[in-house]
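Notes to accompany the following structure.
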Amino acid sequence: MTKKEIYRNKIKNTSDLTKFQKKVLLAVLGIPRGEVRSYSWVAGKAGSPGASRAVGQVLKINPYAPQVPCHRVISSDGSIGGYSGGLTRKRRLLKKEELK
DNA sequence: ATCATGACTAATG
DNA sequence: CCATTAGCCATGA
C-alpha cells in the first residue's frame with residue numbers, strides 16, 4: 001500500500017476535510033450535468049482564486065471519487081486535465097453527459 | 001517554520 | 001504541438 005492510499009483512507013471522514021477541501025467539493029458538486037468548469041473556476045468558488053493546483057490535490061485524493069462530478073473539472077485551456085480513475089473513464093463520462 | 005508534491009496556468013522557444 | 005520556466009496554492013511530513 002502506497003502512502004497516498006494511506007492518506008486517502010485516512011480522510012474518508014468529512015471531519016478530516018479542511019475548509020478548502022469542503023468548498024472545493026461543494027463547488028464541484030454544484031456543477032450541473034453536461035457542464036464543465038476549469039480548476040481556476042473551482043478555486044475561485046472555493047474562496048482561493050489561483051489555487052488551481054491545490055484544487056487538483058483535493059480532487060486527486062477526494063474520497064468521493066465518482067460521487068462528486070470531478071470529471072467535470074478540466075483545464076482552463078479546454079484540455080481533459082487529469083483523473084485519478086484514469087483519463088479513459090473521464091473522457092467516457094464527459095462524452096456521455098457533456099456531449100450528449 | 002520549511003520542504004516537496006502536483007488532476008494548474010500562462011508565457012516562451 | 002511539445003518542452004521548459006516560473007508563479008501559484010493547499011496539504012502532509
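Proteins get letters first, then strands, A, B, ... in listed order; numbering begins at 1 in each. Since the model is a prediction, treat every value here as computed from it, not as a measurement.
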For residues A:Leu17 and A:Asn62, determine if any side-chain heavy atom of one lies less than 4.5 Å from a side-chain heavy atom of the other. no
Separation of C:dC2 atom C1' from A:Asp77 atom CG, nearest Å, is 13 Å
Is A:Tyr39 touching bases, backbone alone, or none of the nucleic acid, heavy atoms closer than 4.0 Å? base
Between atom CH2 in A:Trp41 and atom P in B:dT9, what is the gap in whole Å? 14 Å
With rounding to the nearest 0.5 Å, note down the distance linking OG in A:Ser84 to NZ in A:Lys90. 9.0 Å
To the nearest angstrom, the NZ-C1' distance between A:Lys60 and C:dC9 comes to 14 Å
Please state how far atom CD1 in A:Ile80 lies from atom P in B:dT9, giving the value in whole angstrom units. 13 Å
Rounded to whole Å, the CZ-P distance (A:Arg89 to B:dA7) equals 17 Å
Of the candidate nucleotides B:dA7, B:dG6, B:dC8, which contains the atom at the shortest distance from the side chain of A:Ser52? B:dC8
Among residues 42-51 of chain A, which residues get a heavy atom nearer than 4.0 Å to DNA chain B? none
Check whether any side-chain nitrogen or oxygen of A:Ser75 sits under 4.0 Å from OP1 or OP2 of B:dT9, and answer yes or no. yes
Check the phosphate of B:dT9 against A:Ser40, side-chain N and O only, distance under 4.0 Å to OP1 or OP2. Yes or no? yes
Is any side-chain heavy atom of A:Cys70 closer than 4.5 Å to one of A:Tyr83? yes
Determine whether a donor-acceptor pair (N or O, by modelled atom type, separation under 3.5 Å) exists between the side chain of A:Ser38 and the backbone of A:Trp41. yes
Side chains of A:Val55 and A:Phe20 in contact at under 4.5 Å (non-hydrogen atoms): yes
Single hit among A:Arg92, A:Arg33, A:Arg72 for side chain to side chain donor-acceptor pair (under 3.5 Å) with A:Glu97: A:Arg72
For atom CD1 of A:Ile61 and atom P of B:dA4, their distance in whole Å: 20 Å
Heavy atoms from C-beta onward define the side chain here; which of B:dA7, B:dT5, C:dC9 lies closest to that of A:Lys90? B:dA7
Atom-to-atom span, OH of A:Tyr64 to P of B:dA7 - whole angstrom: 21 Å
To the nearest Å, how far apart are A:Gln57 CD and C:dA13 C1'? 14 Å
Is A:Gln21 close to A:Ile61 at the side-chain level, that is, under 4.5 Å between some pair of heavy atoms? yes
So if I take every side-chain heavy atom of A:Phe20 and compare against C:dA10, B:dG6, B:dA7, which nucleotide ends up nearest? C:dA10
